[in-house]
Amino acid sequence: MLHRKLHLLLIAGCGITAPLMAQEKDHKKDTLGTPRALGEIVVSASRKPVTLDNVPSSVTVISRKTLENDMTVNTDVTDILAREVPGLAPGTQTNSNVGQSLRGRSVLIMIDGVPQSTPLRNGEVDMRSIDPSVLERVEVLKGATAIYGNGATGGLINYITVTPKEDKILSGKTMINATGSLTSIKNSVGGRLNQVLQGKYKKFDYVVSGVAEQTGEFKDAKGKLVGPNYSLGETDSYNAFAKIGYQVNSRQRIQLMYNYYRSQQNSNYTLVNGDIAKGIPASGVLGKPAGVPTGPRGNQTLHLEYQADSLIGGTSLSADAYYESRDDIFYVSFGRFEGGDGQSHTIDKKKGLRLMFTSPLSNKPAFNGTLSYGADLLNNVTSQPLVDGRIWVPEMNMLNYAPFAETQWSLWQNLILKAGVRVEKVRVSVDDYTTLQLTNANGTVSAPSIAVKGGDLDYTATLFNAGIRYNRLPAFMPYFSFSQGFSVSDVGLALRDAKVNDIKKINTEAVLVNNYELGFVSEHKKLRFELSGFISTSKLGADMIFDPNTDLFNVSRTPERIYGFEASAQYQLLHNLDISASYSFVEGKADTAKTGGSYNVYLNGRRIAPPKVTGSIAYRPLPALEVRLQYMGVNGRNRFEKNAKGVYNGNEGKVSAYNLVNLNASYKVAPRTLLTLGIDNLFNEDYFPARSQWFMQPGFYSKGKGASFNVGIAVNY
């Protein structure tokens, strides 16, 4: 029984807890941004550099070139990730990534290995934590993992920030963009300014970047206003980034990084709810919205790293310390709190220390092995009060200590073996608190106010992982891994919905996920193909189930099984023409009878995304001109019946298929000047995003953006 135990495990081949840093063995960039061979990309997945072909699990790496191409269309990182990562659910086109799961489970977001997610009270707004302009690449590790602790039951997404590329004392880049709707230009025009300075001087190097962006009104395919509730239309975003490094000597380096991100909506419209039964989308009327602006109010990350190589006996050391703070503002809930309105925000602060040594065990070509070992310390404080000061979720103070060890072996240069163990000790402390009285749509009390006695929740667990990969034949390189991940099942949600007077009586057991993955990679000349299948199970679930009697969502703690597969291919058809495609499928069921094997009820849309198809064509007809078409098709999903009122319950709505095509082009008018053009939704598809369809909430029943443009100029100096 996993009573009050946090279960952590490292995904086989993905390391223990450290910044996932990626770099190319050589620094030659592919003109079209084609995926490099597996041996060409280095991923520090164990706090030491390893090539991708030494990782026995599915990994997606989004290169800097791909990010730059996608940003010529739009800079919403949730949309970029949805298009580039098989297995990740479609984006929501809002400030929230609710329902944007990875393989049907929650994903942990990080910046250079520093956790941004708030699993103690998962508000699902963590993907928009940084502007993509300061990213060198994005690493996505799929399947349950606990490399950085709580929350990665579906995998993790690590935003790797830029480092200086030139040896000059000072160089820079200025980018200016204008955006707007192609279906109704009125009030839709926005702008963006991005300034980057970087350089190297003796043993120092630095990067400084600033971004300011303002979007206009979002218009749908018919030129009408997209529903303003949590929309990215009329949003002001700012990102300040700085990184400075000092190369002590050839074996030691110190680096300090800081990032500040703010993205808040300042709309001129108040929400008009949609009518789901009649297919009428949400819209807005001129007027000042209630409450304060929604979105990240000011998220900060500070990260200090120290690396030392070739110490005594060839041992290397990696040590880092970090601080992270978040303040995310949610929308106003009318009439919900004690018979009145209320607007909540999550406040989260993390402080962490991490230390790891890596020692060689054998350096023989046919028998090469290393051992990584160390410990992590994390203090995480999270709460969710209302903006007016009322306490909805009390402050939760978590202290987490975790020693670990992992070994990796390369036998005869082709057989890769990995295994690890980690011991987790966690304490979550909560003071006495009183829940807020909640009311439903007709004003009756749905949850009375209760005085709850606080205390400590203690969790202890020892976990393991294993993985194997065989690379003898490039045409067939199979891998298999077993990994575990955990989530504390959103303790904050359980505390705010308490119906008992003592937290010891609240079900706060951790969700332990067992993940099994089998796949292979095939490379032949200019073709690369990968296919992977997975199954993940958990004895406790975390599904949000809608109760039509109270108009509230409750957490279901029933056993779950999720399964699926992903396929992707890239092919260089000509020296200047690349094509790629992917398909991902995921499905999941819950054992509501808790029989131990009869998974009889489908998981809802908040967890399980419809099948997704992607494709792209990149063509360079002239040395100075590059054109790219990108396609994403979201298939339908219909697993539930309508209720007695003739509509679907929340999170269970039918999803109808839609197809989106983007176009981006760049032309180098001078050696250091680049003009860009991007068109989002090229064929002006009239559709509701998947989240709008399955969510079944009138305020979020919004159309997707119609055709829109993004024109820009970038000057290097």
Taken to the nearest 0.5 Å, the spacing of L156 CG from L141 CG works out to 4.5 Å
| said: Using a strict threshold of under 4.0 Å (side-chain N to carboxylate O), is an ion pair present between E305 and R354? | reply: no
**OP:** Begin with the C-alpha distance, continue with both residues' side-chain angles, and end with the deciding distance and a verdict on side-chain contact (heavy atoms from CB on, under 4.5 Å) for M127 and I157.
**Re:** CA-CA 9 Å; M127 282 191 186; I157 297 174; 4.2 Å; yes
message: Checking S57 against K142: is there a side-chain donor and acceptor pair closer than 3.5 Å?
response: no
Value for CD (Q265) from OG1 (T294), rounded to nearest 0.5 Å, stands at 4.5 Å
Between the CD1 atom in I62 and the CG atom in L135, the distance rounded to the nearest 0.5 Å is 9.5 Å
* Going by distance alone, is a donor N or O of one side chain under 3.5 Å from an acceptor N or O of the other, for E234 and N266? -> no
Just by distance, with hydrogens left out, do T537 and R561 show a side-chain donor and acceptor under 3.5 Å apart? no
Original post:
With a cut-off of under 6.0 Å to the ring centre and 45° to the axis, is K589 in cation-pi contact with Y602?
Top reply: yes
**Message:** Please check this pair: side chain of K612 against backbone of A82, looking for a donor-acceptor N/O pair closer than 3.5 Å.
**Reply:** yes
Okay, side chain of S101, backbone of R103: is any donor-acceptor separation there less than 3.5 Å? no
Side chains of N465 and S483 only: does a donor on one sit below 3.5 Å from an acceptor on the other? no
May I ask you to check whether F700 and F695 place their ring centers less than 6.0 Å from one another?
yes
ask   = Below 4.5 Å, heavy atoms only, C-beta onward: do L378 and K350 meet side chain to side chain?
value = yes
When rounded to the nearest 0.5 Å, the distance separating CG of L232 from OG1 of T215 is 7.0 Å
Hey, can you tell me if Y230 and Y331 have their rings parallel, tilted or perpendicular (30° and 60° cut-offs)? perpendicular
- prompt: Which class fits the ring pair F688 and Y701: parallel under 30°, tilted 30 to 60°, perpendicular over 60°?
  reply: parallel
P698 and I276 have their tightest heavy-atom pair at N-CD1, 4.0 Å
Worked check of side-chain hydrogen bond (donor to acceptor under 3.5 Å, both in side chains) between D112 and N158:
CA-CA 6 Å; D112 287 342; N158 196 10; 6.0 Å; no
Taken in chain and number order and not counting sequence neighbours, the residues that satisfy side chain to side chain donor-acceptor pair (under 3.5 Å) with T382 are D348, N380
| task | Test side-chain contact (heavy atoms from CB on, under 4.5 Å) on E395 and L120 and set out the steps. | result | CA-CA 10 Å; E395 189 174 271; L120 287 174; over 6 Å; no
Check: T301/Q116 side-chain N/O donor and acceptor closer than 3.5 Å: yes
* Asked: Do L302 and L304 come within less than 4.5 Å of each other through their side chains, counting heavy atoms only?
  -> no
*For residues T60 and E84, determine if any side-chain heavy atom of one lies less than 4.5 Å from a side-chain heavy atom of the other.*
no
Main-chain N/O of T78 paired to Q100 side chain as donor or acceptor, under 3.5 Å: yes
Basic-acidic side-chain contact under 4.0 Å: D76, R128:
yes
Say whether N74 and D79, considering side chains only, have a donor N or O and an acceptor N or O under 3.5 Å apart.
yes
Ring centre gap for W392 and F337 strictly below 6.0 Å:
yes
Rounding to 0.5 Å, atoms CE (M396) and CZ (R121) come to a distance of 8.0 Å
Open item on the list: Between N239 (side chain only) and D131 (backbone N and O only), is there a donor and an acceptor less than 3.5 Å apart?
Closed with: yes
Is a donor on one side and an acceptor on the other found under 3.5 Å between the side chain of T235 and the backbone of G233? yes
Compute whether any side-chain donor of one residue and acceptor of the other, for R336 and T439, lie under 3.5 angstrom apart. no
- prompt: Can you tell me if Q264 and R262 form a side-chain donor-acceptor pair at under 3.5 Å?
  reply: yes
inquiry  = Using side-chain contact (heavy atoms from CB on, under 4.5 Å), reason through V647 and M696 one step at a time and then give a plain yes or no.
reply    = CA-CA 9 Å; V647 296; M696 296 302 295; 4.3 Å; yes
Looking only at heavy atoms, the pair that brings S449 and T434 closest together is OG-CG2, 3.2 Å
Residues D458, R427: salt bridge by 4.0 Å N-O rule
yes
State, with a plain yes or no, whether a side-chain heavy atom of T435 is found less than 4.5 Å away from one of R496.
no
- prompt: With a 4.5 Å heavy-atom cut-off, do V500 and I506 have their side chains touching?
  reply: yes
Q: Measure from the side-chain N and O atoms of S446 to the backbone N and O of L438, and report whether any donor-acceptor pair falls under 3.5 Å.
A: yes
* Asked: Is there a side-chain contact between V77 and I130, using heavy atoms and a 4.5 Å cut-off?
  -> no
Check your understanding: Is the backbone N or O of D456 less than 3.5 Å from a side-chain atom of K504, with the two atoms forming a donor-acceptor pair by type?
Key -> yes
Are S383 and V393 close enough, and set up right, to give a side-chain contact (heavy atoms from CB on, under 4.5 Å), and what steps lead you there? CA-CA 6 Å; S383 62; V393 176; 5.6 Å; no
On a heavy-atom basis, the closest approach of T558 and T592 is CG2-CA, 4.0 Å
- Message: Whether R297 and D328 form a salt bridge (side-chain N of Lys/Arg under 4.0 Å from carboxylate O of Asp/Glu) is what I want to check.
- Response: no
Taking every heavy atom of P296 against every heavy atom of Y261, the minimum-distance pair comes out as CG-CE2, 4.1 Å
| Does the side chain of N379 come under 3.5 Å of the side chain of N397 through a donor N or O and an acceptor N or O? | yes
| task | Could you check if a side-chain atom of R637 sits within less than 4.5 angstrom of a side-chain atom of W694, using non-hydrogen atoms only? | result | no
### Query
Do the side chains of H303 and D320 get nearer than 4.5 Å, heavy atoms only?
yes
Exercise for the section: Decide yes or no on side-chain hydrogen bond (donor to acceptor under 3.5 Å, both in side chains) for N514 and Q484, but give the supporting numbers first. Expected result: CA-CA 5 Å; N514 295 319; Q484 290 180 304; 2.6 Å; yes
In E124, E560, E652, E587, the residue satisfying salt bridge (Lys or Arg N to Asp or Glu O under 4.0 Å) with R607 is E560
Hits for ring pair (Phe, Tyr, Trp, His ring centres under 6.0 Å) against Y159, two or more places apart or cross-chain, chain-then-number order -> none
Salt bridge (Lys or Arg N to Asp or Glu O under 4.0 Å) pairs touching residues 88-100, sequence neighbours excluded, are none
Under a 3.5 Å cutoff, is there a donor and acceptor pairing between the side chains of S96 and T94? no
The reported gap from OG1 in T75 to CD1 in I80 (rounded to nearest 0.5 angstrom) is 7.0 Å
Problem - R326 and S129 side chains, donor-acceptor separation under 3.5 Å - result: yes
Closest non-hydrogen atoms of V634 and A690, given as atom of the first, atom of the second and distance, are CG1-CB, 4.5 Å
Note: R390 and D341 closest approach over all heavy atoms is NH2-O, 3.0 Å
Item to complete: Give a yes or no answer on whether the side chain of Q343 reaches the backbone of V292 with a donor-acceptor pair at less than 3.5 Å.
Response: yes
